[in-house]
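First comes the structure, then the notes that go with it.
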Amino acid sequence: MVSLTADMSPLHPDRNLALELVRATEAAAIRAVPFIGRGAKEDADGAAVDAMRAFFTTVNFDGTIVIGEGEKDEAPMLFNGERVGNGKGPRADVAVDPIDGTSLTAAGRNNALSVIAVSEHGTMLDASSVFYMDKLVTGPAGVGVVDIRLPIGENIRLLAKALGKPVDEIVVSVLHRPRHEELIREIREAGAGTRLMSDGDVAGGINAARHNARTDMCVGVGGSPEGIVTACAIKALGGHIQGRLWPRDDAEKQKGIDAGLKVDGHVYEADDLVKGSNTIFVATGVTDGQLVAGVRRDGGYVYTESVVLRGASGTLRRISSEHLVSKWL
């Protein structure tokens with residue numbers, strides 16, 4: 001296994017790479033701005049993909065896309081298996097989502113992000129053959145306490161005890177989908193509150209794992225790629241994440257089996273999703289949200305807010321940037 005420290009300064013390699021990657025998420029977020037609230041999610045995604053891909057060519061690493069745009073967006077770039085970076089520096093696995101929340105962007109709603117996650121080469125699970133994953137995410141208090149195999153009501157009670165607060169103060173994030181009607185009912189019957197998300201379960205998972213966040217747990221079936229991306233962030237936050245692949249039909253189940261995945265209820269722990277702690281997660285806000293503010297234009301300037309999470313150091317850094325509009329025309 002080649003470390004992300006290879007061919008780079010032994011003191012600050014991940015930090016330098018992370019700051020380079022932020023330029024790519026900033027570019028994707030800025031390019032998506034003209035499409036916010038315009039109802040054209042494909043155009044927003046296309047603009048973000050083009051911008052992110054262009055900036056990747058300047059980054060000092062040899063990356064392979066493990067989680068890319070893939071079939072869901074019919075993208076000609078940033079596809080699974082594509083090599084990115086300038087080829088210099090460490091080899092790495094890369095997960096990208098130029099816009100996590102294209103529907104949110106198109107509707108002008110909160111919590112759309114531009115996201116990149118990186119780990120050492122050969123450490124990131126390729127779950128792309130099964131589109132959905134059932135996930136459970138909490139902060140550090142949930143480690144060794146909650147378990148996706150338990151009923152949701154029991155997990156809520158266990159987490160409440162670990163956090164030292166009453167059950168009726170627990171807030172659980174869930175994607176607002178018909179498939180979650182029973183899950184939502186059980187959460188509320190257990191005495192907890194819900195925060196229903198229209199999209200963007202990467203932000204939902206990270207917010208549930210952050211210290212002093214407004215939510216305590218994120219559960220339910222969302223995208224498998226988003227599960228891998230979230231796991232990279234959770235490594236930096238010290239939180240808990242588990243996932244079970246959720247094939248939609250027998251054909252997809254067989255596709256997963258053929259890819260070497262475990263699709264019969266097997267629980268993937270954090271280290272199964274992404275091995276080790278040398279992970280980087282960067283995200284820039286497209287629209288406003290709990291995690292970061294969205295892109296804002298004021299006269300001749302564009303303002304962005306990003307977060308950088310490094311698993312090796314367990315840090316979350318915020319980066320506020322001011323860009324001259326004239327440089328983006």
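- Salt bridge present: Arg185 and Glu189 bring a charged side-chain N and a carboxylate O closer than 4.0 Å.
- Under the ring pair (Phe, Tyr, Trp, His ring centres under 6.0 Å) criterion, Tyr268 pairs with His266, sequence neighbours left out.
- Residue Ser224 holds its OG atom at 5.0 Å from CG of Leu245, rounded to the nearest 0.5 Å.
- In this structure, the side chains of Ile234 and Phe281 stay at 4.5 Å or more apart for every pair of heavy atoms.
- When the salt bridge (charged side-chain N to carboxylate O under 4.0 Å, His left out) test is applied to Arg83, the partners found at least two apart in sequence or on another chain are Asp62.
- One finds the CG atom of Asp100 at 5.5 Å from the CD atom of Glu226 (value rounded to the nearest 0.5 Å).
- Taking a 4.5 Å side-chain heavy-atom cut-off between Ile, Leu, Val, Met, Phe, Trp and Tyr, the cluster of Leu175 extends to Met197.
- Under the rule for a salt bridge (charged side-chain N to carboxylate O under 4.0 Å, His left out), the partners of Arg177 that lie at least two apart in sequence or sit in another chain are Asp199.
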Problem set entry | Trace of the side chain to side chain contact (heavy atoms under 4.5 Å, CB included) decision for Asp97 with Val202 | CA-CA 10 Å; Asp97 201 340; Val202 170; 5.6 Å; no
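- Leu316 and Val308 are not part of a single hydrophobic cluster, where members link through side-chain heavy atoms under 4.5 Å apart.
- The backbone N or O of Ala203 sits less than 3.5 Å from a side-chain atom of Asn207, completing a donor-acceptor pair.
- Taking both residues in full, the closest heavy atoms of Ile99 and Ala44 are given as CD1-O, 3.5 Å, listed atom of the first, atom of the second, then distance.
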For this session: Could you please spell out the steps behind the side chain to side chain donor-acceptor pair (under 3.5 Å) verdict for His240 and Gln242?
Result: CA-CA 7 Å; His240 170 90; Gln242 292 173 306; 3.1 Å; yes
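- In this structure, Glu120 and Arg91 have side chains that are not in contact, with every pair of non-hydrogen atoms separated by 4.5 Å or more.
- Using modelled atom types, no side-chain atom of Ser173 and backbone atom of Cys218 make a donor-acceptor pair closer than 3.5 Å.
- Counting heavy atoms from C-beta on, the side chains of Val115 and Val282 never come closer than 4.5 Å.
- Within 6.0 Å of CG in Asp249 there are more than 12 heavy atoms belonging to other residues, nucleotides or ligands.
- Follow the hydrophobic side-chain contacts under 4.5 Å out from Tyr303 and you never reach Ile319; the two are in separate clusters.
- Side chain of Glu252 to main chain of Arg248: a donor-acceptor pair is present (N/O by atom type, distance under 3.5 Å, no hydrogens or angles).
- Looking at every heavy atom in both residues, Ser129 comes nearest to Gly256 through OG-CA, 3.6 Å.
- Listed by chain and number, the residues in a salt bridge (charged side-chain N to carboxylate O under 4.0 Å, His left out) with Arg157 amount to none (sequence neighbours excluded).
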Problem set entry | Residues Lys275, Ser119; criterion side chain to side chain contact (heavy atoms under 4.5 Å, CB included); working and verdict | CA-CA 8 Å; Lys275 296 183 178 66; Ser119 65; over 6 Å; no
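- Taking OG1 from Thr123 and CG from Leu125, the interatomic distance works out to 10.5 Å, rounded to the nearest 0.5 Å.
- Residues passing the side chain to side chain contact (heavy atoms under 4.5 Å, CB included) test with Asp43, sequence neighbours excluded: Phe35, Ala40.
- Checked against Lys235 for a side-chain contact (heavy atoms from CB on, under 4.5 Å), the options Asp271, Ile241, Leu273, Asn278 give a single hit: Asp271.
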Exercise. Side chain to side chain contact (heavy atoms under 4.5 Å, CB included) between Ser198 and Leu104: does it pass, once the steps are laid out?
Worked result: CA-CA 8 Å; Ser198 57; Leu104 298 175; 3.0 Å; yes
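- A donor-acceptor pair shorter than 3.5 Å cannot be found between the side chains of Gln254 and Asp250.
- The closest side-chain heavy-atom distance from Val84 to Ile65 is below 4.5 Å.
- Under a hydrophobic clustering in which Ile, Leu, Val, Met, Phe, Trp and Tyr are joined whenever their side-chain heavy atoms come within less than 4.5 Å, directly or via other members, Ile67 and Ile206 fall into the same cluster.
- For CZ of Arg318, the number of neighbouring non-hydrogen atoms (other residues, nucleotides, ligands) closer than 6.0 Å is greater than 12.
- Ring pair Tyr132/Trp246 is perpendicular by interplanar angle, where above 60° counts as perpendicular and below 30° as parallel.
- At least one donor-acceptor pair closer than 3.5 Å links the side chain of Thr57 to the backbone N or O of Ala54.
- If you take CD1 on Ile280 and CG on Leu309, they are separated by 10.5 Å, rounding to the nearest 0.5 Å.
- Remark: Asp168 engages Pro166 in a side chain to side chain contact (heavy atoms under 4.5 Å, CB included) (not counting sequence neighbours).
- Annotation: side chain to side chain contact (heavy atoms under 4.5 Å, CB included) contacts of Ala293 (sequence neighbours excluded): Asp288, Glu305.
- Contact check for Val118 versus Ile116: side-chain heavy atoms found under the 4.5 Å cut-off.
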Problem set entry | Full working for side chain to side chain contact (heavy atoms under 4.5 Å, CB included) between Met52 and Leu78 | CA-CA 9 Å; Met52 183 176 284; Leu78 299 180; 4.0 Å; yes
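- In this structure, the side chains of Ser306 and Glu26 come closer than 4.5 Å at one or more pairs of heavy atoms.
- Both Val219 and Val167 are part of a single hydrophobic cluster, where members link through side-chain heavy atoms under 4.5 Å apart.
- Side chain of Asp216 to backbone of Val171: a donor-acceptor contact under 3.5 angstrom is found.
- Scored by the salt bridge (charged side-chain N to carboxylate O under 4.0 Å, His left out) test, Asp201 finds Lys135 as partners (sequence neighbours excluded).
- Members clustered with Val143: none, using a 4.5 Å side-chain heavy-atom cutoff among hydrophobic residues.
- Residues Met217 and Leu136 are in side-chain contact: their nearest non-hydrogen atoms beyond the backbone lie under 4.5 Å apart.
- Taken together through direct or relayed side-chain contacts under 4.5 Å among Ile, Leu, Val, Met, Phe, Trp and Tyr, Val94 and Leu17 form part of one hydrophobic cluster.
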Do any side-chain atoms of residues 145-156 form donor-acceptor pairs under 3.5 angstrom with protein atoms, and if so which ones, sequence neighbours left out?
unit_1	atom_1	unit_2	atom_2	d
Asp147	OD1	Arg149	N	2.8
Asp147	OD1	Arg149	NE	2.8
Asp147	OD2	Arg149	NH2	2.9
Asn155	OD1	Asp147	N	2.9
Asn155	ND2	Asp147	O	2.7

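- Arg179 contributes a side-chain N or O that, together with a main-chain N or O of Val221, makes up a donor-acceptor pair within less than 3.5 Å.
- The CZ atom of Arg297 sits 14.0 Å away from the OG1 atom of Thr304 when rounded to the nearest 0.5 Å.
- Of the inter-residue distances, the one linking Arg296 atom CZ with Thr287 atom OG1 reads 15.0 Å to the nearest 0.5 angstrom.
- Residues Leu183 and Val174 are in side-chain contact: their nearest non-hydrogen atoms beyond the backbone lie under 4.5 Å apart.
- Listed by first then second residue, pairs satisfying side-chain hydrogen bond (donor to acceptor under 3.5 Å, both in side chains) with a partner in residues 103-116 number zero, not counting sequence neighbours.
- Using a 4.0 Å cut-off between a side-chain N of Lys or Arg and a carboxylate O of Asp or Glu, Glu169 and Lys165 do not qualify as a salt bridge.
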